[in-house]
Each structure stands twice: as structure tokens, then as C-alpha cells.
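Working notes for the structure below.
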Amino acid sequence: MPSPDSGSSLGEEFNRWAEAGRGEGMEQDHLPIALPVLEKMRLAPTDNILDVGCGAGWLSRRLAKSVPEGRVVGMDISDEMIRHARRASVDFDNLMFVAGEVAQIPWQPNFFSHAISVESSYYWPDPAAGIKDIFRVLGDGGSAWILINYYRDNPHCHQWGSLLAVPTHLVSAEEWAEHFRSAGFTNVAHERIVDRSPSPEVYTGRWFRDAEQLAAFKSEGALLVYGIK
Ligand SMILES: C[S@@+](CC[C@H](N)C(=O)[O-])C[C@H]1O[C@@H](n2cnc3c(N)ncnc32)[C@H](O)[C@@H]1O
């Protein structure tokens with residue numbers, strides 16, 4: 001039996017998200033914060049890119065269009081997310097999806113030009129080990145980009161921890177940056193990516209107290225941490 005916080009129960013929880021269609025639904029929420037990051041990555045057509053915690057693969061597909069002579073690999077611990085991602089990507093010949101855990105990326109060392117991870121890293125059982133393995137699969141000069149909405153410096157997301165069915169890490173920007181430095185990354189930096197998408201006047205979901213808190217959360221912005229191998 002897997003223990004409650006093992007990788008396997010994490011995969012099972014995200015399999016349930018995938019079956020409920022939540023993988024596809026995340027594009028709308030994450031695109032406004034992911035787009036500025038794609039610009040910062042300055043992709044070249046020949047780049048090879050790893051998308052860690054790719055979910056249903058919307059970002060991997062967008063990346064694959066930007067690197068027509070390179071390759072994109074989407075990886076996720078949830079095999080059901082991977083099934084959804086593959087089903088929606090049959091028209092791509094430079095994109096593949098693999099099931100795996102970030103601390104043991106099923107890929108050769110020194111392969112990727114960039115690695116990106118959107119709204120995934122606070123779920124990783126061992127974030128330091130995950131960042132270390134991302135470092136392993138990047139080539140020299142390659143860059144890693146982690147983008148998250150749930151981090152200690154934004155007080156408007158702290159309630160998520162008790163709403164989520166899996167353990168999470170509520171870590172500060174500086175602590176994430178320290179994981180990057182310990183893994184060997186240089187030029188490590190972090191910044192906020194403000195979500196400028198329109199906010200509803202009334203909020204009826206469960207993640208925020210009300211529309212005002214959602215607006216405050218969005219203007220604090222998502223945390224982007226990056227570094228170079
Ligand atoms: C909130 S979803 C975000 C998915 C996608 N990046 C997006 O923006 O739509 C988090 C994803 O991270 C994956 N994930 C969580 N922990 C992981 C781990 N340790 N290794 C690989 N993937 C993981 C989950 O299965 C899930 O698909």
C-alpha cells in the first residue's frame with residue numbers, strides 16, 4: 001500500500017484530476033502567466049525542451065510549435081494526464097510524452113536546452129531532488145524555469161494547502177532559488193509575473209475568499225525562478 005504522501009498517491013490524485021477534465025481546464029488559468037515566461041526563454045527553432053508536470057500537454061504543444069526543428073518532451077507523474085496529453089497531440093511529430101517523477105526523469109543527461117515547469121513544483125515530494133535531476137538532463141548553458149502560484153511570499157494563496165488532497169510545499173522565493181543554487185545552477189534569479197487577465201466581479205469558487213482576494217492574488221503575481229546550467 002502506498003503511504004499517504006508517496007509519489008504513487010500523488011499520481012492517483014492527479015489521475016482523478018485528469019479524469020475530471022481538469023488538465024485541459026488549466027490552460028485558461030495558467031496561460032496568462034506562462035506567456036511572459038515563453039518570451040523570456042527566447043526559444044530557438046532547434047531547441048529541445050522538457051515540460052515537467054505537463055498535465056494535459058497544452059504548454060508542450062505550444063512549445064513544440066516554437067521549436068519545429070527541435071524536440072519537446074512532456075513529463076508527468078500522472079499516467080492519466082499523459083494519456084490525455086498524447087490523445088490531443090497526435091498531429092505533432094516533434095512532441096512526445098512520458099510518465100515519470102521529476103526526481104528520476106526518464107531521460108539521458110545533458111539533452112535539453114530548456115526545462116520549464118508550470119504550477120507543479122510545490123507538489124513534488126522532494127523539490128530539491130527534482131531541481132537536481134532537471135539540472136542533470138539540461139545541457140551546458142541550458143536554462144530551467146519554474147513558475148508557481150503557491151508560494152510563501154504571496155499571502156493570498158496560503159489557504160490552498162488545506163484545500164488540496166495532497167501534501168504541498170509552501171516555500172519562499174529565496175528558498176526556491178537556494179534549491180537552484182544547491183543543484184548547481186548559476187545566474188539564479190526570481191521575479192513576479194503579474195496576472196493581468198480580467199478578474200470576475202463575483203467569485204464563487206473555493207480557492208479564494210471572494211473576488212477581492214482573487215484580484216489581490218493576481219496582482220501579487222506568480223513566482224518565476226530561473227537559472228542556467
Ligand atoms: C496543477 S497541474 C499543472 C499542469 C500543467 N503544467 C498546466 O499548467 O496545466 C500539476 C501537474 O504536476 C504533476 N506533478 C505533480 N508532482 C509531480 C512529480 N513529482 N513529478 C512529475 N509531475 C508531477 C501533476 O500530475 C499535475 O499534472
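Order of appearance sets the numbers: ligands from 1, and atoms from 1 within every ligand.
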Quiz question: by atom type and distance under 3.5 Å, do the side chains of [X] and [Y] form a donor-acceptor pair?
X	Y	answer
Tyr150	Thr168	yes
Trp176	Ser172	no
Lys229	Ser143	no
Ser9	Glu12	no
Asn15	Ser78	yes
Glu24	His84	yes

[X] neighbourhood, listing ligand 1 atoms whose heavy-atom distance to it stays under 4.0 Å:
X	value
Met81	27 (O)
Val102	19 (N), 20 (N), 21 (C)
Val118	3 (C), 5 (C), 6 (N), 8 (O)
Pro125	19 (N)
Ser78	25 (O)
Gly100	20 (N), 21 (C)
Glu101	18 (C), 19 (N), 20 (N)

Self-check item: Sole residue of Phe185, Phe180, Phe112 in ring-ring contact (aromatic ring centres under 6.0 Å, His included) with Phe135
Solution: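 Of Phe185, Phe180, Phe112, ring-ring contact (aromatic ring centres under 6.0 Å, His included) with Phe135 is met by Phe185 alone.
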
Exercise. Classify the contact between Leu59 and ligand 1 as side chain, backbone, both or neither, using a heavy-atom distance cut-off of under 4.0 Å.
Key: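 It is neither part, as no heavy atom is under 4.0 Å.
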
Could you check [atom] against the protein and tell me its nearest heavy-atom contact, residue, atom and distance included?
atom	result
atom 13 (C) of ligand 1	Asp76 OD2, 3.4 Å
atom 16 (N) of ligand 1	Leu10 CD2, 3.3 Å
atom 14 (N) of ligand 1	Ser120 OG, 3.5 Å
atom 2 (S) of ligand 1	Met26 SD, 3.4 Å
atom 22 (N) of ligand 1	Ile77 N, 3.2 Å

Quiz item: NE2/His190 to CD1/Ile146 distance, rounded to the nearest 0.5 angstrom?
Solution: 13.0 Å

Exercise. State the CG-CE distance between Leu63 and Met41, to the nearest 0.5 angstrom.
Key: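 CE of Met41 is found 6.0 Å from CG of Leu63.
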
Quiz item: Considering Tyr123, Trp58, Trp124, Tyr122, which one's heavy-atom position lies nearest to atom 17 (C) of ligand 1?
Solution: Trp124

Quiz item: Nearest heavy atom to atom 6 (N) of ligand 1: which of Cys54, Gly57, Gly55, Gly53 does it belong to?
Solution: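 The option holding the nearest heavy atom is Gly53.
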
Quiz item: Is there a path from Leu224 to Leu35 through hydrophobic residues (I, L, V, M, F, W, Y) whose side chains come within less than 4.5 Å of each other?
Solution: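 Yes, same cluster.
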
Self-check item: Polar contact flag for His30 and ligand 1 (N/O pairs, less than 3.5 Å)
Solution: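 N/O-N/O distance below 3.5 Å exists for this pair.
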
Quiz item: Within the structure, does Glu119 bring an N/O atom to less than 3.5 angstrom of an N/O atom in ligand 1?
Solution: no

Quiz item: Once the angle between the rings of Tyr226 and Trp145 is folded into 0 to 90°, is it parallel (under 30°), tilted (30 to 60°) or perpendicular (over 60°)?
Solution: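 If you compare the ring of Tyr226 with that of Trp145, the planes turn out parallel.
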
